[in-house]
Amino acid sequence: MTVYCRFGTALDILTGKWKSLILLRLLSNGTMRFSELQKAIPDISKKMLTQQLKELEYHDIVHREVYAQIPPKVEYSITEYGQLMKPVLQTMSNWGAGHMKHMEKLYGEEDEKGAHPSEPRKIDSLGDRVTRES
């Protein structure tokens with residue numbers, strides 16, 4: 001397997017709009033229930049959150065614990081193996097925060113929501129979406 005293929009494999013796990021946000025939330029908050037994840041990432045649909053969690057669970061990045069009770073209780077957490085991604089995600093988050101500052105220096109001040117007029121959507125260092133109101 002070439003280096004490019006290994007890099008591509010890692011990117012496949014992290015790519016997409018939601019996986020990195022889900023992982024950042026779980027890494028910073030620890031174990032979370034499905035509803036807590038939905039509240040922490042308000043723009044994600046229930047269907048998409050379910051799909052992304054299943055994919056992360058398949059790759060042994062996220063653990064899903066189902067409790068036999070009524071009403072049903074399901075909790076998600078980062079596996080020991082998934083913890084290995086923490087430095088990668090933190091580095092990416094730090095780079096993103098630095099990039100936002102770099103863009104501010106290049107193009108001027110941001111508005112009160114943290115968005116530059118030429119950039120309608122940003123993600124902050126914790127993975128929160130910051131939008132500009134039109």
Side-chain angles (χ1 to χ4, degrees):
M1 182 180 271
T2 66
V3 171
Y4 176 76
C5 289
R6 291 184 295 235
F7 184 75
T9 299
L11 281 181
D12 285 345
I13 293 169
L14 290 175
T15 55
K17 186 175 182 177
W18 304 112
K19 286 181 184 172
S20 58
L21 296 177
I22 292 166
L23 292 171
L24 283 169
R25 290 291 176 223
L26 289 172
L27 284 166
S28 63
N29 296 320
T31 300
M32 297 178 76
R33 294 182 72 171
F34 187 88
S35 61
E36 292 172 325
L37 279 166
Q38 272 190 299
K39 288 176 188 170
I41 311 169
D43 293 334
I44 193 169
S45 70
K46 184 177 180 178
K47 179 181 176 183
M48 182 57 68
L49 180 56
T50 300
Q51 177 186 340
Q52 299 295 287
L53 286 167
K54 283 181 181 180
E55 288 178 22
L56 291 166
E57 183 181 6
Y58 172 81
H59 288 285
D60 193 35
I61 306 297
V62 168
H63 172 72
R64 179 176 187 257
E65 183 75 30
V66 180
Y67 297 89
Q69 66 182 48
I70 297 179
K73 179 180 174 183
V74 180
E75 292 181 336
Y76 295 90
S77 59
I78 301 290
T79 63
E80 185 177 335
Y81 178 69
Q83 289 286 340
L84 296 173
M85 295 182 75
K86 189 173 185 174
V88 173
L89 291 167
Q90 187 61 55
T91 299
M92 289 173 62
S93 180
N94 292 344
W95 183 87
H99 181 65
M100 288 171 57
K101 289 178 184 175
H102 175 73
M103 296 306 288
E104 185 178 339
K105 286 179 186 175
L106 285 176
Y107 298 110
E109 291 188 30
E110 298 175 337
D111 67 17
E112 68 280 355
K113 296 276 187 178
H116 187 273
S118 65
E119 188 176 347
R121 192 188 110 188
K122 290 185 178 182
I123 305 295
D124 73 11
S125 64
L126 291 175
D128 288 325
R129 185 171 151 175
V130 180
T131 57
R132 179 177 65 90
E133 305 242 349
S134 300

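Atom NZ of Lys73 has more than 12 heavy atoms from other residues, nucleotides or ligands within 6.0 Å. The number of heavy-atom neighbours closer than 6.0 Å to CD of Gln69, taken from other residues, nucleotides and ligands shown, is above 12.
Going from atom CD of Gln38 over to atom CE of Met48 covers 13.0 Å, rounded to the nearest 0.5 Å. In this structure, Lys46 NZ and Leu49 CG are separated by 10.0 Å, a value rounded to the nearest 0.5 Å. Separating the CG atom in Leu26 from the OG atom in Ser28 is a distance of 8.0 Å, to the nearest 0.5 Å. Taking CD of Gln52 as the start and CG of Leu37 as the end, the distance is 12.0 Å to the nearest 0.5 Å. In this structure, CD1 on Ile61 lies 10.5 Å from CD on Gln83, to the nearest 0.5 angstrom. Here the straight-line distance linking atom NZ of Lys19 with atom CG of Leu11 works out to 11.0 Å at 0.5 Å rounding.
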- Worked verdict on Leu21 versus Ile44 for side chain to side chain contact (heavy atoms under 4.5 Å, CB included): CA-CA 10 Å; Leu21 296 177; Ile44 193 169; over 6 Å; no

- Start with the C-alpha gap between His59 and Tyr81, add the side-chain angles, then the distance that decides, and say whether side chain to side chain contact (heavy atoms under 4.5 Å, CB included) holds. CA-CA 9 Å; His59 288 285; Tyr81 178 69; over 6 Å; no

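Nearest heavy-atom pair, Leu27 versus Leu89, reported as atom, atom and distance to 0.1 Å: CD1-CD1, 3.5 Å. Across all their heavy atoms, Arg64 and Tyr76 have their closest contact at NE-OH, 3.1 Å. Residues Pro72 and Arg33 come closest through the heavy atom pair O-NH2, 3.8 Å. Annotation for Thr79 and His63: closest pair CG2-N, 3.6 Å, computed over non-hydrogen atoms. Here the shortest heavy-atom pairing between Glu36 and Thr31 reads OE1-O, 4.3 Å. Smallest separation of non-hydrogen atoms from Gly82 and Ile78: C-CG2, 3.4 Å.
At a cut-off of 3.5 Å, with distance as the only test, a side-chain donor of Tyr67 or Glu75 sits close to an acceptor on the other residue.
Residues Val88 and Trp95 fall into different hydrophobic clusters, defined by Ile, Leu, Val, Met, Phe, Trp and Tyr side chains chained together at heavy-atom separations under 4.5 Å. Under a hydrophobic-cluster definition in which Ile, Leu, Val, Met, Phe, Trp and Tyr are linked whenever side-chain heavy atoms come within less than 4.5 Å, directly or via other members, Val74 and Ile22 are assigned to the same cluster. Tyr58 and Leu14 fall into different hydrophobic clusters, where Ile, Leu, Val, Met, Phe, Trp and Tyr are joined by side-chain heavy atoms under 4.5 Å apart, directly or via other members.
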